[in-house]
Engineer: 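I have a structure I would like to understand better, so I am pasting it below and will then ask my questions one at a time.
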Amino acid sequence: MENYAGTSAVPETAAVESEAAIPARLLPVAELHLHIEGTLQPELIFALAERNGITLPYSHIDELRQRYEFTDLQSFLDLYYANMAVLQTEEDFAAMTHAYLERAAASGVRHAEIMMDPQAHLSRGIPLETCVNGVASVLATSREDFGISTMLIAAFLRDLPEESALEVLDGLLAMDAPIGAIGLDSAEVGNPPAKFERLYARARGAGLRLTAHAGEEGPASYITEALDVLKVERIDHGIRCMDDPDLVERLVQERIPLTVCPLSNVRLRAVDTLADHPLPAMLAAGLNVSVNSDDPAYFGGYVDDNFTQLQAVFELSDFDRARLAANSIHSSFASEERKAELLEELNGGDATP
Ligand code: ADE
Ligand code: ZN
């Protein structure tokens, strides 16, 4: 396995220390690509359904689990949106968020930027306040309760019209929702980034940070469009950039973060097997990639599971793992002070064994 010491994926100001100095341990990481609704575990789905008097179309947990066989992104999205029916009250959103943070802390996550899909709740008659306040109530004390600093990202559904997204963004701004960024998710192919040019301009004007899914199932040109038209700072997924060498060169030059989700890509058949995943090639190309879980309850694992399985297939060195962790911290929207703290922890300070 190649050693990435010579690549530009980590700025010199906070370079990872020498390979020998990095012990094998659970690394402190930032999780940058996580849909909170994708953390709903089957057990919690059943518990919330019972609490809310909702009849699920599955008679027991195993029957639900049997549906976790996806053929593509849309086949997953159908189940993901259907299961959201159990989220009715602020307490439900809070319970889901609490469960994620507890599990994430055990994965080494020290900073999490968490996407939520408000439109998927509004369309079910759940007010913006219910979903935002439920999640935000837990994030407000995440640092004290779990050792995880957090940011809430409002993600917009790209298969809906831009007018809907604009209306929801205005609602979030009017209620002074504690969001730090916006994202763009849901069915990618046929819904190019340029469809949301006004949304991103408005969010940028409101001082929000910008990210968007691009190049998951959609073509490399969607990545270029997200950068040039939406002016995003980060790309979620981005694996299809490997189809376009000129784009790879640009992403390396501009140090654009790509929040890669290996187990998600396998489960949604963006790649055939983990062994076929482009992550090692992306690292070798000098791309600024991080490892994330996307929808961990549906894709067979949290961040630590992603690292463990990558390690098993690609024999990542400690140095590779530390570089991925450092990339995640540098690519976050955390304050410079928080980033410095996490980098210090990564470089041998304080990490949990
Ligand atoms: N929403 C939740 N997970 C997603 C993914 N992997 N791609 C697009 N939209 C999503
Ligand atoms: Zn995603």
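Everything numeric in this text was worked out from a predicted model, so none of it was measured. Sequential numbering from 1 along the given sequence is applied to the chain's residues. Values below: every heavy atom of this structure, side chains too, minus hydrogens, waters and symmetry copies. Every number for a ligand or one of its atoms is a count from 1 in the order of the listing.
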Engineer: Less than 3.5 Å between some nitrogen or oxygen of D294 and one of ligand 1, yes or no?
Structural biologist: yes
Engineer: Any chance you could measure N265, atom CG, to R240, atom CZ, to the nearest 0.5 Å?
Structural biologist: 11.0 Å
Engineer: Please write down residue, atom name and distance for the protein heavy atom closest to atom 7 (N) of ligand 1.
Structural biologist: E216 OE1, 2.8 Å
Engineer: Checking the side chain of N306 only, and the main-chain atoms of L263 only, is there a donor and an acceptor separated by less than 3.5 Å?
Structural biologist: yes
Engineer: Can you tell me how the ring of H213 sits relative to the ring of H35, calling it parallel under 30°, perpendicular over 60° and tilted otherwise?
Structural biologist: tilted
Engineer: Please answer: with hydrophobic residues joined when any side-chain heavy atoms are less than 4.5 Å apart, are L32 and I223 in the same cluster?
Structural biologist: no
Engineer: Under 4.0 Å from a heavy atom of H237: which atoms of ligand 1 are those, numbered in the order shown and with their elements?
Structural biologist: 6 (N)
Engineer: Do L230 and I153 belong together in a cluster built from hydrophobic side chains that touch within less than 4.5 Å?
Structural biologist: no
Engineer: Measure the distances from the heavy atoms of S186 to every atom of ligand 1 and state whether one is below 4.0 angstrom.
Structural biologist: yes
Engineer: With a 6.0 Å cut-off on the ring centroids, do F76 and Y80 count as close?
Structural biologist: yes
Engineer: With a 4.5 Å cut-off on side-chain heavy atoms, are F93 and S137 touching?
Structural biologist: no
Engineer: Taking only heavy atoms of F76, which atoms of ligand 1 are found under 4.0 Å from at least one of them?
Structural biologist: 2 (C), 3 (N)
Engineer: Establish, yes or no, whether the cationic atom of R124 lies under 6.0 Å from the six-membered ring centre of Y81 and within 45° of the ring axis.
Structural biologist: no
Engineer: Given the rule that I, L, V, M, F, W and Y join up when any side-chain heavy atoms are under 4.5 Å apart, are L310 and F299 in one cluster?
Structural biologist: yes
Engineer: Please report the number of protein N, O or S atoms that lie less than 2.8 Å from the Zn ion (ligand 2).
Structural biologist: 4
Engineer: When you measure from atom 1 (N) of ligand 1 to every protein heavy atom, which one gives the shortest distance, and what is it?
Structural biologist: H35 CE1, 3.5 Å
Engineer: Mind checking whether D295 has an N or O less than 3.5 Å away from an N or O of ligand 1?
Structural biologist: yes
Engineer: Looking only at distance, does S264 have an N or O less than 3.5 Å from an N or O of ligand 1?
Structural biologist: no
Engineer: For E337, does the CD atom have more than 12 heavy-atom neighbours from other residues, nucleotides or ligands under 6.0 Å away?
Structural biologist: no
